[in-house]
Number of protein chains: 2
Amino acid sequence: MTSVPQHSCSNCSMREICLPMGVGKQDIDRLENLVQNSKIHHQNDVVIRQDDAFHTLYAVKSGMYKSVKLNSDGEEYVVGFHLPGEIIGLDAIYPEVYTSSLIALTNSVLCQLDYEQLVTLSASIAPLQHQLMRLSSKEINTTQAFQSTQTAEQKLASFIHNLAIRNEVRGFSATELHLAMTRQDIANHLGMAAETVSRLLKQFQGRDVLDIKHREMSILDPAGLLLLTGCAHS
Amino acid sequence: MTSVPQHSCSNCSMREICLPMGVGKQDIDRLENLVQNSKIHHQNDVVIRQDDAFHTLYAVKSGMYKSVKLNSDGEEYVVGFHLPGEIIGLDAIYPEVYTSSLIALTNSVLCQLDYEQLVTLSASIAPLQHQLMRLSSKEINTTQAFQSTQTAEQKLASFIHNLAIRNEVRGFSATELHLAMTRQDIANHLGMAAETVSRLLKQFQGRDVLDIKHREMSILDPAGLLLLTGCAHS
DNA sequence: CGATCAATTGATAGAGGTCAAGACGCGTGG
DNA sequence: CCACGCGTCTTGACCTCTATCAATTGATCG
C-alpha cells in the first residue's frame, strides 16, 4: 500500500457519479482540499478492518474492492463489491465503527475523506449535502433490492445484470466484464454454494446467454439475461 | 385516514431515537414547525403508493406499518416493518419516487416532513444534519444485515430477536410482542413459505424458547433464542 | 351464525447444499 | 522451458431442507 500525491476531483473521470456531482466549479476546490492522499492497493490488501473506529469515508478511484463481514462464529459474508466512483463507509456512520472489512480484489486506488470535515463542508455547499443524502439513499436501495423468494438462477442473473449496468454507467463496456472476484465470493455474496454458481454459469453458456473464459465474461444476449432475472431491475 | 392538529416533537416519547435526537431546546421548535399535520390510519390503509413522486419523509408516531414492493411480474415482497420513531422514505431520495408502498398494519399515526425543507433546515442545525446521516446509515445496516447462507430457523429467530430489541429500545417489553403482521407477511419478508414459519414457531414453542397464542408472543428464553439465530446481532 | 381470511398440519417432490474427486490455470524455481 | 505445487474451478453423486399442494381447523367480522 502506497500513498501518492493528492488527485483532483475536477480531473477525475468519476466526478459525475461520485461526491462532486452537482457541485459548482467555485466549490469543487474546497472539496478537493478535503480529499487526502490517495492510496494504491494490490490484490488482497486489507484496507479497512471490521470494528475499527470510523473516521473516514472512501471513494473508489480505480479497480475493485469487496466488503466482508465476519460474524461471531467466524463465518464470513461478502456484503458487496465496489466499483470506481462508489463511496465506502456510509454504513459505519451510525455505529461509529466499520461494519465490515475492505479488501482489494485487484490493483486499485482509493480516495480518502474525513467524515466530520465533509459534513461540516456540506452544510455550506447545498449540492454536496444533497449528493451525500442521495448516495446514502442509493445505498439503502441497492442493499434492499435482492432478497425475496428468488431462485439461484434469478439471483445470479440479477447479479451479472447489475454488474453490467454499473460498468456501463462508468463508461466501461456493458457486455465485456472482468470478474475480479472468485466464484466463491460471488456464491457467498448471493447466499449459495460455489458449485451452484459454476453449474449455472455453464448453463447460461449453453443457452448462449453469455460466454465465460476464466474471469472474462461476454454477455451475448442481454435481453435473455434480463429474462433470467425474473423481473426488471433498475 | 384523518388529519389531526400538529403534534409536538418536544412532547413525543420517541424524540430520543427519532429525528430530534441531539437537537437542542432552542432549535427543536424550528423542527416542529416543519412537521406537518399528523395522519391517523386504520388497518390496511395504503399510505404511500409505490412509484409516486417523493417529496416527504414520514416518522412513525405510534402503531406499525409495512413496506411492500411490487415487481414487474406482480409478485410482492415485504421489505420491512416500521415501529414508532422510525423514519420512512430515505430510500426514495435517490430515485425521487417511493420504491415501495406503505400500509398500516394496525391503527397508527404518522408525522410528515417535507424533505427539501428538512435538508435546508439541517444545514443550519448541525445535530439535525448528523442525525439525518446517522438514520440513513442505520437503514443501510439493517437492510444489509441479513442475507448469507442462513437456514430458515436462523432467519426466523433473528427476525424475532430483532423485533424484541427494537421493542425494548422504544421502552416497550423485550419479551412480550404483539405481531401486527400475518405469518404470510413474515414469511415473505424472510423469503420462505408461510407454512415454514408456522412449523418453526411451533418448534420454538416445543423447545420452550417462546410461547405464541395467535398474534401474541412471549419470549420465554431470550438466550435460547439468540442461540437459534446462529450469531450475535446488534 | 355462516362467510371469509388466517393459521395449522400432513404428504410429496424438487432445488440446491454438501462431500469428494479431478481438471485447469498460474506462478515459482530448477 | 518444463515440472511441480497450490489455489480455483468444474463435475458428479447423494441427501436434506424447505417449497408446494391439499385439506382442516381456528379466528374474526359483518
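It should be emphasised that the depicted structure is a prediction, and the values quoted were computed from it without experimental measurement. Per chain, numbering begins at 1; letters A, B, ... match sequence-line order. Heavy-atom basis, side chains included; hydrogens, waters and symmetry copies ignored.
- Leu201(B) has its CG atom 17 Å from the P atom of dA6(C), to the nearest Å.
- Partners of Arg15(A) by side chain to side chain contact (heavy atoms under 4.5 Å, CB included), not counting sequence neighbours, listed by chain and number: Pro20(A).
- Nearest-nucleotide assignment on DNA chain D puts the 5′-proximal partner with Arg183(A), out of Arg183(A) and His214(B).
- Look at CD on Gln154(A): it is 12 Å from C1' on dA15(C), rounded to the nearest Å.
- Leu190(A) places its CG atom 19 Å from the P atom of dA15(C), with the value rounded to the nearest Å.
- For Tyr115(A), the ring pair (Phe, Tyr, Trp, His ring centres under 6.0 Å) criterion is met by Phe54(A), not counting sequence neighbours.
- With rounding to whole Å, Leu105(A) atom CG is found 15 Å from dT8(D) atom C1'.
- Qualifying ring pair (Phe, Tyr, Trp, His ring centres under 6.0 Å) partners for Phe81(A), counting only residues two or more places apart in sequence or in other chains: Phe159(A), His189(A).
- Residue contacts shown for Ala193(B) include a base, since a base heavy atom lies under 4.0 Å away.
- Here the P atom of nucleotide dC9(D) and the CG atom of Leu179(A) are 9 Å apart, to the nearest Å.
- Summarising the geometry, the separation between CD on Glu216(B) and P on dG26(D) is reported as 19 Å, rounded to the nearest angstrom.
- Remark: Ile17(A) engages Met14(A), Val169(A), Arg170(A) in a side chain to side chain contact (heavy atoms under 4.5 Å, CB included) (not counting sequence neighbours).
- Nearest nucleotide to the Thr196(A) side chain, out of dG17(C), dA19(D), dT18(D): dG17(C).
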Write out a two-atom table: protein N or O, nucleotide N or O from nucleotides 19-22 of chain C, distance below 3.5 Å.
{"unit_1": "dC19(C)", "atom_1": "N4", "unit_2": "Glu195(A)", "atom_2": "OE2", "d": "2.9"}

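- Under the ring pair (Phe, Tyr, Trp, His ring centres under 6.0 Å) criterion, Phe204(A) pairs with no residue, sequence neighbours left out.
- Comparing the helix axis at one end of the helix from dC1(C)-dG30(D) to dG30(C)-dC1(D) with that at the other, each defined from 5 consecutive pairs, gives an inter-axis angle of 40° (nearest 10°).
- With sequence neighbours excluded, the residues satisfying side-chain hydrogen bond (donor to acceptor under 3.5 Å, both in side chains) with Ser218(A) are Glu176(A).
- Residue Met192(B) places its side chain closer to dA19(D) than to any other of dT8(D), dA7(C), dA19(D).
- Under the 4.5 Å side-chain criterion, counting only non-hydrogen atoms from C-beta, Leu163(B) is in contact with Leu83(B).
- The CG atom of Leu156(B) sits 16 Å away from the P atom of dC17(D) (whole-angstrom rounding).
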**Request:** Dump the intermediate steps for side chain to side chain donor-acceptor pair (under 3.5 Å) on Asp91(B) and Ser137(A), then the final yes or no.
**Result:** CA-CA 5 Å; Asp91(B) 56 311; Ser137(A) 175; over 6 Å; no
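- A straight line from CG of Leu200(A) to C1' of dC9(D) spans 14 Å, rounded to a whole angstrom.
- With sequence neighbours excluded, the residues that form a side chain to side chain contact (heavy atoms under 4.5 Å, CB included) with Thr56(B) are Tyr58(B), Tyr98(B).
- In this model, the phosphate group of dT8(C) is not approached by any side-chain N or O of Lys202(B) to a distance below 4.0 Å at OP1 or OP2.
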